[in-house]
Amino acid sequence: MDVGATRVDRGRLPMWAAGVLALVSVAILAFSIWGEWTSRQAEVRNAETDLGNLAHSLTQHVEDTFELADSLLRGVVAALETDDGKPGAITRLQTILKARKPNLGRIRGIFAYGENGDWLATTEDVTLTNYNNADRDYFAHHRVSADRSLLIGRPVQSRAGGQWVITLSRRWNHADGRFGGVVLATIDVAYFAQFYRQFAVGRQGTISLMSRDGAVLADNAEPDAQTVGRPILEAIPYHPASGTLHFRRLGETSDRIGFYQHAQRYPFLILVTRTEAEVLAEWKRDALIRLTVLVCLVALVIAIGIFLAKQLLQRQQLAAALAAKEENFRLLAEGSSDIVTRIELDECIGYVSPSTMRVLGWHPSQLLGKRALSGVHPLDRPQLQEILDQLRRGAVDEARATYRMRRRDKSEIWVEATIRATRQPDGALDGFVAVTRDVTQQKTLQGRLETLAIEDGLTGLANRRRFDERLLEEWGRAYRDKTSLALLMIDIDHFKAFNDAYGHPAGDECLHTVAGILADEAQRSSDLAARYGGEEFAILLPNTDAGGCARLGERIRRALHEARIVHDHNPAGIVTASIGGAVCRPGFERSAGPASLIEAADRALYAAKDAGRDRLIMAGEVVDLPAGKAPATVPA
């Protein structure tokens, strides 16, 4: 034994211990810094998630508000165009607007202007002859543009009350198509500001309702001439429709974390931001504490360095043991392969690899001589038999199949097999080789993904995507077969008021109950009940005439009554629905398309709402509107 060499090695132990100690200390510091950075990133991601959830909710709130205003505007436009030129038309309209003022809710006011900007009627208590709005941007836009869609304008100061308001307007025409004037709805900027201040986004956080050209329509600050209408972002992101932003506003020293969400139905977006300093304030405090503790621990590690040196040999032994375990694991991993099976010409198993024990629970010796298809699910056997027959005939040399197999414990798994014919040198078939692997997990995930792609998560009905696909399919089928295609559009009456009164969990339960009623009533396998969006549902009825469509709609309406879901904010006292139906025959209506069927049912739905709700109206019916409105025919 070389004692001198041993002493030299022992003499180097303190140096080795110091080196190991230094490496450990550096590793601890590096890991801690990495951990703190990861924690910081997690704080940022959590803030982004919270801001995103808030932006999604606020976007829905604004869309509901604008939809309410747009619905009122449509009604006034319809009244003006229906009564255009009739004696007393403006007086009747003024009476209707005055009567609706107590029920406007978050809508500030409704205004009707003539072609010269003169005030015709309004919900406000003002002298109409004192005002003219021909100089407003929205009036100039509608006067020169034939576009009849909703226009969301920049905030202006109301001439009736002096407050800052967001304008939503539509054009109305004379009977000959000439510009008749503008119908305007206003929403107080202060309403949104007060509403947004309810949400905790930090002392310096912002919630902004913006038009798509970047102008601020409202935010959580008090509205004034310096803040309303100003841009926040240098460029508005349009794709994707929602996402995170990191930017710094002029005059601020801290970056901002923001999340934007574009509306689907209207040209606006919600931007919610918090300063990075506020988001990370708590993390910075905790990180300082953790780093202080870390320094103390590193000092303790240094103090026990001698002990670590003594542990060096033991660590080497442990490392060797770990290496041996890793080698064993590697060998096991290499031995874990797919099942390889040799199938003889009589379709019995001539060889099977050991991995069958892991996959199926059978020892290879227990399967030799057994029929190759004996463990296959009975419903899948014809598929595999056909593959073997094709291979036997020489139609194909290789085939792949996915099917179910029975394990030894009687459970079933999904497997994927590649089967190939083997031949002798002279070309004669001498059997088959199958390579089989367990794909149960992939099959389960595939099934879940397919379900998620076509099913609404809340109601269990088909989602909008599935509805659109089926509509195109059934339209094509009806076109080819010269049959009729019917559609029911169902909208829960005053559902926003239900949510506000009873809370969103109760609203979700209401939607689930309504979905159950629709699923029960749409009994044919060809019928499709779907959640069209929000509280609106649709039922697609192939090969159904107007009578059948109306009967189903009436059954749904009665079933809702029988459900007796309490709704104190609905005139009926229970949850009811407005239903619009439409029927077409694509093979005989060459100019129509799937969109025209939806549009006809949608118009019938709005007619049902205007006629008092809780009713079914079919496209093409004459509708008796409430007092103050003339009877109208819903276009088919």
Side-chain angles (χ1 to χ4, degrees), residues 318-455 469 525:
L318 290 175
L322 179 59
K325 290 182 179 179
E326 289 178 349
E327 179 64 18
N328 291 334
F329 177 79
R330 184 182 64 81
L331 293 174
L332 290 174
E334 290 178 353
S336 298
S337 59
D338 299 337
I339 301 175
V340 180
T341 306
R342 169 69 180 179
I343 304 174
E344 305 297 345
L345 287 176
D346 60 358
E347 298 183 4
C348 292
I349 298 175
Y351 167 81
V352 62
S353 63
S355 53
T356 187
M357 189 71 185
R358 175 180 57 85
V359 178
L360 298 176
W362 294 97
H363 191 274
S365 61
Q366 296 174 301
L367 298 179
L368 294 178
K370 303 293 185 181
R371 295 281 298 177
L373 302 185
S374 61
V376 178
H377 192 282
L379 295 178
D380 296 332
R381 287 177 190 172
Q383 171 195 6
L384 286 178
Q385 187 64 59
E386 175 63 22
I387 290 175
L388 292 178
D389 292 342
Q390 289 179 355
L391 292 169
R392 194 187 302 274
R393 293 194 305 266
V396 294
D397 290 331
E398 182 178 290
R400 179 173 296 180
T402 302
Y403 54 93
R404 290 158 290 183
M405 287 199 70
R406 186 172 62 252
R407 290 172 47 87
R408 185 175 184 179
D409 59 5
K410 306 303 182 182
S411 63
E412 287 186 348
I413 61 171
W414 282 93
V415 298
E416 181 183 73
T418 301
I419 307 173
R420 186 176 183 86
T422 60
R423 299 183 181 276
Q424 297 175 358
D426 59 0
L429 181 71
D430 66 353
F432 313 92
V433 172
V435 179
T436 308
R437 66 178 54 187
D438 185 354
V439 294
T440 304
Q441 185 175 10
Q442 297 92 313
K443 194 72 175 178
T444 302
L445 290 176
Q446 179 184 352
R448 291 177 181 173
L449 290 174
E450 290 175 353
T451 300
L452 290 174
I454 63 172
E455 184 178 286
E469 292 175 350
S525 60

Is there a side-chain contact between Ile419 and Leu391 in this structure, where contact means two heavy atoms from C-beta onward sitting under 4.5 Å apart?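 Yes, their side chains come closer than 4.5 Å.
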Hey, could you give me the [atom1]/[atom2] distance between [X] and [Y], rounded to the nearest 0.5 Å?
X	Y	atom1	atom2	value
Leu429	Arg393	CG	CZ	12.5 Å
Ile343	Phe432	CD1	CZ	7.5 Å
Met405	Asp380	CE	CG	10.5 Å
Lys370	Trp362	NZ	CH2	8.0 Å
Thr418	Glu398	OG1	CD	6.0 Å

Test applied, side-chain contact (heavy atoms from CB on, under 4.5 Å); reference residue, Ile339; option that passes from Ser353, Pro364, Pro354: Ser353
Verify salt bridge (Lys or Arg N to Asp or Glu O under 4.0 Å) between Glu412 and Arg404, making sure each step is shown before the conclusion. CA-CA 6 Å; Glu412 287 186 348; Arg404 290 158 290 183; 5.1 Å; no
If you apply the rule side chain to side chain contact (heavy atoms under 4.5 Å, CB included), what do you find for Leu360 with Ile413, and how did you get there? CA-CA 9 Å; Leu360 298 176; Ile413 61 171; 3.9 Å; yes
When you check the gap from the basic side-chain N to the acidic O, do Glu347 and Arg392 get nearer than 4.0 Å? yes
Minimum heavy-atom distance between Asp430 and Glu344, given as atom pair plus value: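 Of all heavy-atom pairs spanning Asp430 and Glu344, the closest is O-OE1, 4.2 Å.
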Can you give me the closest heavy-atom contact between Gly361 and Arg408, atom names plus distance?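 Minimum heavy-atom contact is O-CD, 3.2 Å.
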Arg358 side chain to Asp338 backbone, donor-acceptor under 3.5 Å: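 No, Arg358 side chain to Asp338 backbone: no donor-acceptor pair under 3.5 Å.
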Between the side chain of Gln366 and the main-chain N/O of His363, is any donor-acceptor distance below 3.5 Å?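 Present.
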Short side-chain donor-acceptor distance under 3.5 Å, Arg406 and Ser374: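 On atom types as modelled, these side chains do not qualify, holding no pair under 3.5 Å.
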